[in-house]
Amino acid sequence: MAEKSQPFPCELDGHCPYEYDQNTDRDIEGMPLLNNDPRGCPKYGHVCPMFMEECGLTAEGLNIRATVHCFQVMGRLTMDEQKKVAFLLLFEKYRAILQRYPESDYPQYYDRM
């Protein structure tokens, strides 16, 4: 089991720099959940992203893992087949819009509401 050699970022200033609203590339949900690991986030339980390199992950890997996790959860929540089909159709539309209107070119569409 790995040792925690330094304080968590949230222990230093009370804020997690890895929460999605702080940094979308380093979402805490992308980190593995390891029981009784000293690197576990005191708030979320996942291993803190400050240890992502130790876990063999990159910022891109964290983002991918977080996205996969979120869609797996959403899939479990939409057990009804009609809801799943509607969700998948909406997701495809969402992906097409992201490709056609990237945030860098159309920031007005990405304002946090």
Side-chain angles (χ1 to χ4, degrees):
M1 180 183 306
E3 295 294 321
K4 183 181 104 165
S5 59
Q6 54 190 336
F8 293 117
C10 60
E11 292 174 332
L12 298 175
D13 67 4
H15 294 86
C16 177
Y18 302 113
E19 286 181 342
Y20 185 80
D21 61 346
Q22 300 296 316
N23 187 340
T24 57
D25 289 335
R26 290 186 162 200
D27 192 347
I28 191 88
E29 288 182 347
M31 289 302 294
L33 181 61
L34 304 173
N35 291 327
N36 301 317
D37 192 300
R39 300 169 300 172
C41 171
K43 182 175 179 183
Y44 297 106
H46 298 273
V47 173
C48 180
M50 70 186 268
F51 299 107
M52 72 176 164
E53 286 84 11
E54 279 184 28
C55 294
L57 295 167
T58 62
E60 180 182 16
L62 278 183
N63 189 266
I64 292 167
R65 286 173 53 93
T67 302
V68 168
H69 170 77
C70 288
F71 276 92
Q72 286 174 341
V73 169
M74 291 174 83
R76 284 193 296 271
L77 293 175
T78 58
M79 291 300 188
D80 178 277
E81 279 306 310
Q82 287 181 326
K83 289 180 183 176
K84 280 186 182 180
V85 170
F87 168 76
L88 291 174
L89 289 172
L90 182 61
F91 177 68
E92 287 303 316
K93 182 177 180 180
Y94 169 73
R95 283 183 26 178
I97 287 173
L98 289 181
Q99 289 176 350
R100 187 169 178 191
Y101 302 101
E103 185 173 7
S104 58
D105 297 338
Y106 300 91
Q108 69 273 24
Y109 298 139
Y110 295 86
D111 290 342
R112 303 285 180 216
M113 296 181 190

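Just so it is clear, the structure is predicted and the values come from calculations on it, not from any experiment.
The side chain to side chain contact (heavy atoms under 4.5 Å, CB included) test applied to R95 returns F91, E92, not counting sequence neighbours. Residues passing the side chain to side chain contact (heavy atoms under 4.5 Å, CB included) test with P9 are P17, Y18, C48, M50, sequence neighbours excluded. The side chain to side chain contact (heavy atoms under 4.5 Å, CB included) search around L34 returns P32, D37, R39, V47, not counting sequence neighbours.
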